[in-house]
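Chain A is the first sequence line, chain B the second, and so forth, proteins listed ahead of strands; every chain is numbered from 1. Any value given below was found using the heavy atoms of this structure, including those in side chains, with hydrogens, waters and symmetry copies removed.
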Number of protein chains: 2
Amino acid sequence: MTSGHPLPRDPEPSLTIAQVAERTGLSHDTLRYYEKAGLIERVGRTTGNQRRYDTADLAWLEFLLRLRETGMSIADMQCFARLRAEGDTTVADRLAMLREHRADLAGRIRALRRNAAALDDKIDHYERLLHERQTGTDGPA
Amino acid sequence: MTSGHPLPRDPEPSLTIAQVAERTGLSHDTLRYYEKAGLIERVGRTTGNQRRYDTADLAWLEFLLRLRETGMSIADMQCFARLRAEGDTTVADRLAMLREHRADLAGRIRALRRNAAALDDKIDHYERLLHERQTGTDGPA
DNA sequence: GTAGAACCTGGAGTGCGCTCCAGGTCAAGC
DNA sequence: GCTTGACCTGGAGCGCACTCCAGGTTCTAC
């Protein structure tokens with residue numbers, strides 16, 4: 001991911017933390033927290049020590065967000081990030097992690113759908129109940 | 001749910017907290033916590049003050065578990081439980097809550113599936129990368 | 001009737017993922 | 001050059017959903 005194709009990088013957008021916060025929906029604090037936690041490698045700085053995020057940082061953040069949204073813990077993301085930082089030799093490990101997470105996710109989606117179906121039944125039940133009450137099928141108020 | 005059909009209740013299984021813990025997968029502490037929090041109405045007791053759960057308690061717990069597994073917060077479950085305790089007049093409110101939760105859930109499932117698809121792409125990407133490395137498509141080690 | 005397991009209570013503690021704060025530095029507009 | 005708002009750091013605090021603990025009571029099996 002680092003070597004390979006020497007793409008001629010464009011002007012490197014260089015976003016402030018506020019801009020990244022807006023684009024990702026993460027707060028300034030969370031962005032700093034993720035960096036401190038090692039989820040993002042140390043972001044570039046201005047001479048005055050203010051963060052400037054480039055396109056790669058943003059792409060990585062978006063990937064992290066997907067992991068988070070699919071329920072990966074910070075600890076596991078730290079693990080993944082560490083592997084990534086080690087370079088191309090860890091590709092197999094990272095792939096294994098992603099596959100496991102993917103399988104996990106599939107299971108959770110299945111479970112959610114089962115539960116959703118059960119919820120639908122419950123909703124039907126309540127609808128019938130309500131209808132009975134409204135039409136007075138069941139005797140006294 | 002309380003009036004209506006006067007079913008001749010069977011011997012009322014009357015389970016101990018340990019038995020309910022095993023059946024539901026909740027810990028003793030969590031069961032007591034849920035009761036203290038008002039998620040379950042006060043469970044019946046022996047003369048010696050030990051809990052005895054009946055079939056209705058178990059069914060309600062299982063319903064709560066479904067709500068929990070689909071991401072409902074304790075606070076919302078408390079709200080639902082309070083409505084339930086108020087009796088049949090709150091059926092419409094409960095139905096509304098369930099419908100909202102159901103819609104929410106549908107959204108979350110959709111989002112998860114989108115993210116799952118993105119994860120699949122990432123996995124494909126890593127597989128190609130790994131294959132390149134193994135077949136030495138990309139030059140020096 | 002007694003040992004030991006299971007149960008009770010109120011309240012403190014935990015882990016996670018942020019979120020907030022104090023006290024300071026930096027940068028853009030006037 | 002000064003104000004004002006964005007940014008920096010380390011560290012404390014928070015809300016959630018439990019989980020654990022101490023100290024006591026009850027139940028079961030012998």
What's the separation between atom CG in L95(B) and atom CG in L129(A), rounded to the nearest 0.5 Å? 9.5 Å

Within 6.0 angstrom of Q19(A) CD, more than 12 heavy atoms from elsewhere: yes

Residue pairs passing the salt bridge (Lys or Arg N to Asp or Glu O under 4.0 Å) test with at least one member in residues 102-113 of chain B, sequence neighbours excluded, are D120(A)-R102(B), D104(B)-R108(B)

Spacing of M72(B) atom CE and L98(B) atom CG [to the nearest 0.5 Å]: 6.5 Å

Checking R99(A) now: which residues fulfil salt bridge (Lys or Arg N to Asp or Glu O under 4.0 Å) with it, not counting sequence neighbours? E127(B)

Please list each protein N or O that sits under 3.5 Å from an N or O in nucleotides 25-30 of chain D, with the distance.
from, atom 1, to, atom 2, distance (Å)
dC27(D), OP1, T46(B), OG1, 3.2
dC27(D), OP1, G48(B), N, 3.3

Looking at residues 24-45 of chain B, who's got a heavy atom less than 4.0 Å off DNA chain D? S27(B), D29(B), T30(B), Y33(B), Y34(B)

Indicate yes or no for a side-chain donor-acceptor contact from T30(A) to the backbone of L26(A) under 3.5 Å, with no hydrogens or angles considered. no

Under a 4.0 Å heavy-atom cutoff, the residues of residues 73-80 of chain A touching DNA chain C are S73(A), I74(A)

Take E41(B) and K36(B) through the salt bridge (Lys or Arg N to Asp or Glu O under 4.0 Å) test and state the conclusion after the steps. CA-CA 9 Å; E41(B) 282 183 88; K36(B) 209 190 297 189; over 6 Å; no

CD1/I40(A) to CG/L61(A) distance, rounded to the nearest 0.5 angstrom? 4.5 Å

Could you walk me through whether L67(A) and L119(B) pass the side chain to side chain contact (heavy atoms under 4.5 Å, CB included) check? CA-CA 8 Å; L67(A) 293 182; L119(B) 251 179; 4.3 Å; yes

Residues R23(B) and E62(B) bridged, charged N to O under 4.0 Å: no

Minimum side-chain heavy-atom gap D57(A)-V20(A) below 4.5 Å: no

Take the angle between the ring planes of F80(B) and W60(B) and call it parallel below 30°, perpendicular above 60°, tilted in between. parallel

Nucleotide interval of DNA chain C bounded by contacts with chain B (heavy-atom cut-off, under 4.0 Å): dC7(C) to dG11(C)

